[in-house]
Amino acid sequence: MNRSLSWFNVTSLVLGFAFLYIPILLLVLYSFNASRLVTVWAGFSTQWYAALLENDQLLDALWVTLRVAFLSSLAATVLGTLAAIALTRYGRFFGRTMFSGMTYAPLVMPEVITGLSLLLLFVAVGMERGFWTITLAHITFTMCFVAVVVQSRLITFDRTLEEAALDLGCTPLKTFFVITLPLILPAVLSGFMLAFTLSMDDLVIASFTTGPGATTLPMRIYSQVRLGVTPEINAICTILIGIVAVVVLLASVLAKRQEKMRRRAEQIAARG
Amino acid sequence: MAMAGEKGRGRLLVIAVPYLWLLALFLVPFLIVLKISLSQDVIAQPPYSPVFDIAGGWAGFRDFLSQLSLANYGYVLSWDNEFIAAYGSSLVIAGVSTALLLLIGYPIAYAMARAPKGLQPMLLMLVILPFWTSFLIRVYAWIGILSPEGFLNQGLAALGLIDQPLEILNTDLAVYIGIVYSYLPFMVLPLYSALEKLDGTLLEAAEDLGCTPFKAFWTVTFPLSLPGVAAGALLCFIPAVGEFVIPDLLGGSDTLMIGKSLWTEFTVNRSWTASSAVAVLLLVLLVVPIVIYQNIQARQLEAGR
Amino acid sequence: MAADKARTQTIGAVRRTFAPWNDPTATPLIRFENVAKRFGEFVAVDGVSLDIYEREFFALLGPSGCGKTTLMRMLAGFEEPSAGRITLGGQDLAGVPPYRRPVNMMFQSYALFPHMNVWDNIAFGLRQDGMPKAAIKARVEEVLALVKLEPFARRKPHHLSGGQRQRVALARSVAKQPKVLLLDEPLTALDKKLREDTQFELMDLQMSLGMTFLIVTHDQEEAMTVADRIGVMNLGELVQVAPPAVIYEQPATRYIADFIGDVNVLETKVVTAGAEGVELASEKTAYPLHIAQPLDAAVGDTAWLAIRPEKMRIALVPPAHLADNCFEGVIWDIGYLGDLSIYHVELACGTRIKVSQPNVSRLVERPITWEDKVWVTFSPDGGVVLTR
Ligand SMILES: Nc1ncnc2c1ncn2[C@@H]1O[C@H](COP(=O)(O)OP(=O)(O)OP(=O)(O)O)[C@@H](O)[C@H]1O
Ligand SMILES: [Mg+2]
């Protein structure tokens, strides 16, 4: 569907994007406010950013968050990709319905349920709560997002490419690494990014599964927000938004280039 | 034969690793929640009883079973406690929010699908981008807007529309705004992908047969986008029912939502068994929509083939 | 039998005498007046003027991308002309939206509504007109019977075969009894046999409904079979408009001669030209070439002789009284098609021409074979001389 836009369409787009972006823009803008009041403009200042650098608690939390996010998204990418392959490539197998159910359900499962159930698991097996329990919890709920992203790519994948490789004497394992993986790599990478941001973003599940000594950034921000709105929080939010914006834009540029190369490769393969 | 064995082993590994992971960290935890919801609080470590001990053998297991009780469900479902009201109010808030999301999201998705092909990736990016920024940050941003001295009240006062600041923060209205704002991308994306797939010649055919564009929308476009509507609605409704952060930060003390009640029961009352019962009942409430959602998701992925 | 007889009497009679384009008093139903369509810089349709008459079956023929669909979509109202005027029954169509035009289209992709069954698809257009329920029912049943789809009325389109879908699309577009039915490559998705059957059904349908049909195709045989007149398009322009036989036997240009059917085109020089015939000379043969065709050209001008393979005769010995219209050569290749054989004859100068001969006897070993020396002859009314 692709026709000319009516004034109604244009208005919905403009209002929709205004709704989505104005709150974020205000937040960013007031992180440069000289006043402690976050809603009254009193001149430009970067003092809140300077204050951040002295806030060791916040920096600690950031460090924990980044480590959790990195480790968990790495593992989630591997597990999620395997799950996607199992679901798209292996037809029927014993317990497939339950498997696909367990892959899709966490996408919509209320976080309080996931968090509570994982906590109770960790208690039941007597695992000490902290950094590693958060990481395990994050692997579990983010791998499902990776699985869905990779699966939607695998479905549009031209399987004759793999068959050609097998036909030419490549083993299945080698075929996966030299043919399949390079071609689904953009999806795997965006799955990784998604897992990373979801992990960085998570408050509820981390709060349930954490123990003493492991406080993540969202938990820190949350406890500060509960005490009141301060420009310092605006500043840390702005930094996070900035990082995400840069990474996402970079990734999309890379993905576009990858996509182009993939298209060309597939065309050549299809022709050859 | 060796070939088949090798292939079979690879296949088994690919299936088994994620499968076992999900069994151990997704399904087993639910069984534990179920079990604990049938137990009693005790002051000990772990803070519930009975504790299942495999060393007890068959007799121990029977003993364990006999100690389970439905007492927690009685507590949760009693009218004196606010859980039933919280379930009800969560369903209402999530339902109304989903309806609002549809009303706001549909025109946006529709306009995106009609936009020139070259522009669409950018519009898509603009919808996804806020989703990449922290959920907590986006909720936090609304505190500054909705508070009595916030931007909204400042703006309305400057326009001379109000002279008393409106009480929005810490009310249900703020919760609605927060949910609609946070979940909008989840509504727009499935709607967009359903609308974008729509074959433009169907609309031309409808117009050719005498439909005005408005009527063609209601007889062709909208019915064909219903799978997207269902996917988007469930994707928003289910998590919204159990939402905790939004009612906690934007809602008032009288805003009842079950996610918040569960959290309070767990952290303030420190009753693991009662909060487990709350979680089990919440899951029972959501099992039908979750199964429908899974079917839609599976069908859409199959249809992509 | 009786029905067949009636059919020959009506259709045959109408077909034989139907030629409103030769009647200066007839007013056309559809007029394209210098219609052009540009997409940005690209000119898709370039100054097309065309009159189509009521009850005519008109085919637009041309290579892919020549603007056939664009021309048709302008008539249906999905594109506005960049220049020129389109009128229908005297009414200027500019600014009239598709849903107000008494024109219906059968889409190449069929565009059946996937969420409605066959019945609802066919009733769709009637409902838009606010027809009473009973009348809709009667009409849908009538149309379903017409395309022989009564047993499938409650099926959804994706449970139908390609041929059945095509019929539903046809039924849906004729249900409203539009003045003009537009068909954009309606038969491409069908296999050859079904396509041929459907072509005749389309002709019958057009006759019995008394509608004007405008069909787009790039299958020349289809165009020749169904149409009263064919318009050949190339690069956005209409190059010739004429009945099928004229297009085939008297093409206006080398392009059309080559586009429709098989043809040998030889460059020649005019020796004499006049009202009763032409004499041509060619380096490819020592014999003079006489063509019974009036030609307005000067002696020494370049002209092209276009001659179709089936218009020539091939022999292993020189015919008696051989004086003109002959090529001598050697069999270079033979294509055996069953009903006829195609001989590729290499002339002394190296040029190859194609000659086809009906295989009138059931010989497996044909008398003419590779590397035989042959004489190829044709009669003065077998070829056509073209100056463009
Ligand atoms: N909306 C459009 N925008 C830009 N160019 C277009 C558009 N529609 C058609 N064209 C161009 O106009 C030319 C004519 O297109 P048209 O569809 O009329 O061809 P056609 O004769 O129907 O070809 P085919 O036999 O392949 O269907 C093509 O080169 C096409 O690329
Ligand atoms: Mg076309």
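In what follows, chains carry the letters A, B, and so on, assigned in the order in which the sequence lines appear, proteins first and then strands, with residues in each chain numbered from 1. Model, not experiment: these values are computed from the prediction.
Your options are Gly77(C), Ala76(C), Pro114(C), and the one with the most heavy-atom pairs under 4.5 Å with chain B is Pro114(C). Between chain C and the options Pro223(B), Ala206(B), Cys211(B), heavy-atom pairs under 4.5 Å are most frequent for Cys211(B).
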Check chain C and chain B for donor-acceptor pairs under 3.5 Å and report each one on its own line.
from	atom 1	to	atom 2	distance (Å)
Arg73(C)	NH1	Glu204(B)	OE1	2.7
Arg73(C)	NH1	Glu204(B)	OE2	3.2
Arg73(C)	NH2	Glu204(B)	OE2	2.7
Tyr99(C)	N	Glu207(B)	O	3.3
Asn104(C)	ND2	Asp208(B)	O	2.7
Asn104(C)	ND2	Asp208(B)	OD2	3.4
Met105(C)	N	Asp208(B)	OD2	2.5
His115(C)	NE2	Thr219(B)	O	2.9
Gln128(C)	OE1	Lys215(B)	NZ	2.8
Lys176(C)	NZ	Leu209(B)	O	2.7

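Residues passing the ring-ring contact (aromatic ring centres under 6.0 Å, His included) test with Tyr53(C): none are found, sequence neighbours excluded. Every residue two or more places apart in sequence or in another chain was checked for a ring-ring contact (aromatic ring centres under 6.0 Å, His included) with Phe58(C), and none qualifies.
Residues of residues 231-242 of chain B never come within less than 4.5 angstrom of chain C, heavy atom to heavy atom.
Residue Leu235(C) qualifies as open at atom CG: its count of foreign heavy atoms under 6.0 Å is 12 or below.
If you measure heavy-atom distances from Leu126(C) to chain B, you find no contacts under 4.5 Å at all. Contact annotation for Phe113(C): both backbone and side-chain heavy atoms come within less than 4.5 Å of a heavy atom of chain B. At a 4.5 Å heavy-atom cutoff, Ala216(B) makes no contact with chain C through either its backbone or its side chain. Proximity to chain B (any heavy atom under 4.5 Å) is restricted, for Met116(C), to the side chain, taken from C-beta onward.
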